[in-house]
Amino acid sequence: YGQFLSWINAHFPKAERSGTAYALAYRRNAWHEYGIRLDLDFDKSKKYDLISSFKVAEHQLDVDLRLKEYAEALKDDGFLYISVPVWHEKMTNPGADGFDLEYYYDPHHINVWSSAHFELLLAKAGLQIVKKDVWLYDNTYLCKRVEVPARDFKAKIPTPDQIKKAMKHIKSAAML
């Protein structure tokens with residue numbers, strides 16, 4: 001809703017920047033709060049030094065295709081900075097006071113994954129993880145595009161039974 005681009009403007013005033021927001025309210029907020037125009041959709045015709053995505057992928061349809069679009073839109077030395085929740089592994093609600101189990105089941109969250117699963121999606125999209133942070137904002141990745149996407153995927157994706165067990169433990173802990 002404009003906050004990150006406002007920070008970019010303050011620290012890199014000569015940078016060309018653009019942003020997107022699906023919700024009209026967020027686009028209006030960016031304009032009225034920061035004077036930043038946000039577009040409805042990502043411009044795939046441009047090449048970018050940096051693409052950032054904070055807590056968006058869990059709301060996107062066909063996130064695997066979107067990641068591929070991001071990879072293709074990066075300059076050769078460009079980076080994707082992306083943060084996603086990994087609800088099957090830890091109980092977090094960044095920015096909220098305390099843990100709220102209902103946050104997990106928000107109807108706007110259409111994607112849920114483990115770290116291994118999301119990292120597999122990154123690799124299949126042609127993105128290589130340069131750095132990973134799991135403390136600040138769920139799982140945050142700095143990635144670069146690779147010319148030849150990985151073909152040998154050995155990620156250990158949790159089974160549905162393992163996910164059910166983890167979610168049962170999370171619910172029990174939340175109830176306590």
Side-chain angles (χ1 to χ4, degrees), residues 1-12 15-75 78-97 99-115 117-127 129-134 136-145 149 163 167:
Y1 51 88
Q3 189 175 26
F4 181 70
L5 287 177
S6 177
W7 183 89
I8 291 289
N9 285 344
H11 291 84
F12 305 96
E16 179 184 341
R17 45 108 184 115
S18 61
T20 64
Y22 182 73
L24 178 59
Y26 287 172
R27 293 194 308 273
R28 286 180 174 167
N29 183 83
W31 178 251
H32 292 291
E33 183 75 20
Y34 303 108
I36 295 172
R37 187 179 140 267
L38 297 179
D39 296 316
L40 178 61
D41 205 4
F42 178 69
D43 186 349
K44 298 180 277 190
S45 69
K46 294 181 181 180
K47 290 292 185 183
Y48 299 89
D49 294 307
L50 174 67
I51 297 172
S52 66
S53 174
F54 293 96
K55 300 291 186 167
V56 173
E58 65 271 22
H59 304 279
Q60 292 177 315
L61 293 173
D62 302 318
V63 72
D64 56 330
L65 301 178
R66 186 59 78 162
L67 290 171
K68 188 166 178 50
E69 289 174 355
Y70 294 160
E72 291 169 354
L74 288 174
K75 292 181 180 178
F79 291 96
L80 170 66
Y81 187 57
I82 187 166
S83 180
V84 297
V86 287
W87 297 321
H88 300 153
E89 298 170 18
K90 57 187 173 181
M91 297 177 6
T92 61
N93 283 19
D97 292 331
F99 177 76
D100 178 11
L101 189 63
E102 295 305 313
Y103 173 79
Y104 277 58
Y105 301 102
D106 184 298
H108 297 106
H109 294 153
I110 60 173
N111 296 306
V112 178
W113 40 71
S114 65
S115 295
H117 184 199
F118 190 75
E119 290 168 14
L120 177 66
L121 291 175
L122 290 171
K124 284 186 173 184
L127 293 159
I129 299 168
V130 174
K131 186 166 177 125
K132 175 181 173 180
D133 180 277
V134 298
L136 183 61
Y137 205 56
D138 277 341
N139 278 23
T140 302
Y141 301 91
L142 183 64
C143 304
K144 66 178 183 177
R145 182 171 52 97
I163 291 170
M167 293 305 291

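- When all heavy atoms of Ile51 and Ala73 are compared, the closest pair comes out as CD1-CB, 4.2 Å.
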Name the atoms and distances for all side-chain donor-acceptor pairs under 3.5 Å in residues 16-27, with sequence neighbours left out.
residue: Arg17; atom: NE; partner: Asn9; partner atom: OD1; Å: 2.8
residue: Arg27; atom: NH1; partner: Ala21; partner atom: O; Å: 3.0
residue: Arg27; atom: NH1; partner: Tyr22; partner atom: O; Å: 2.8

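- With rounding to the nearest 0.5 Å, the separation of CZ in Arg28 from CG in Leu38 is 13.0 Å.
- In this structure, CD in Glu33 is found 9.0 Å from CD in Gln3, a value given to the nearest 0.5 Å.
- A pairwise comparison of heavy atoms in Ser83 and Thr140 identifies OG-OG1, 3.1 Å as the closest pair.
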Inset, instruction - Decide yes or no on side-chain contact (heavy atoms from CB on, under 4.5 Å) for Val86 and Trp113, but give the supporting numbers first. - result: CA-CA 6 Å; Val86 287; Trp113 40 71; 4.2 Å; yes
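- Looking at Ser115 and Tyr141, their side chains come closer than 4.5 Å, going by heavy atoms from C-beta outward.
- Between Val112 and Ile163 the shortest side-chain heavy-atom distance does not fall below 4.5 Å.
- By the 4.5 Å heavy-atom criterion applied to side chains, Ile8 and Phe4 are counted as neighbours.
- If you take CZ on Arg37 and CG on Leu5, they are separated by 12.0 Å, rounding to the nearest 0.5 Å.
- Annotation for Ala71 and Arg145: closest pair O-CD, 2.6 Å, computed over non-hydrogen atoms.
- Judged purely by atom type and a 3.5 angstrom limit, Asn29 has no side-chain atom pairing as donor or acceptor with the backbone of Gly2.
- Side-chain contact check for Asn139 versus Lys132: some heavy-atom pair is nearer than 4.5 Å.
- The shortest side-chain heavy-atom distance between Glu119 and Ile129 falls under the 4.5 Å cut-off.
- A 4.5 Å side-chain heavy-atom check between Ile110 and Val63 finds every atom pair outside the cut-off.
- Annotation: the span from Glu69 atom CD to Asp64 atom CG amounts to 10.0 Å, rounded to 0.5 Å.
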Inset, instruction - Please test Val84 against Asn111 for side-chain contact (heavy atoms from CB on, under 4.5 Å), starting from the C-alpha separation and ending with a verdict. - result: CA-CA 10 Å; Val84 297; Asn111 296 306; over 6 Å; no
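- The number of heavy-atom neighbours closer than 6.0 Å to CZ of Phe79, taken from other residues, nucleotides and ligands shown, is above 12.
- In this structure, CD1 in Ile82 is found 11.5 Å from CG in Leu142, a value given to the nearest 0.5 Å.
- In terms of modelled atom types and a separation under 3.5 Å, the side chain of Asp43 and the main chain of Ser45 share a donor-acceptor contact.
- Between the OH atom in Tyr70 and the CG atom in Leu122 there is a gap of 11.5 Å [rounded to 0.5 Å].
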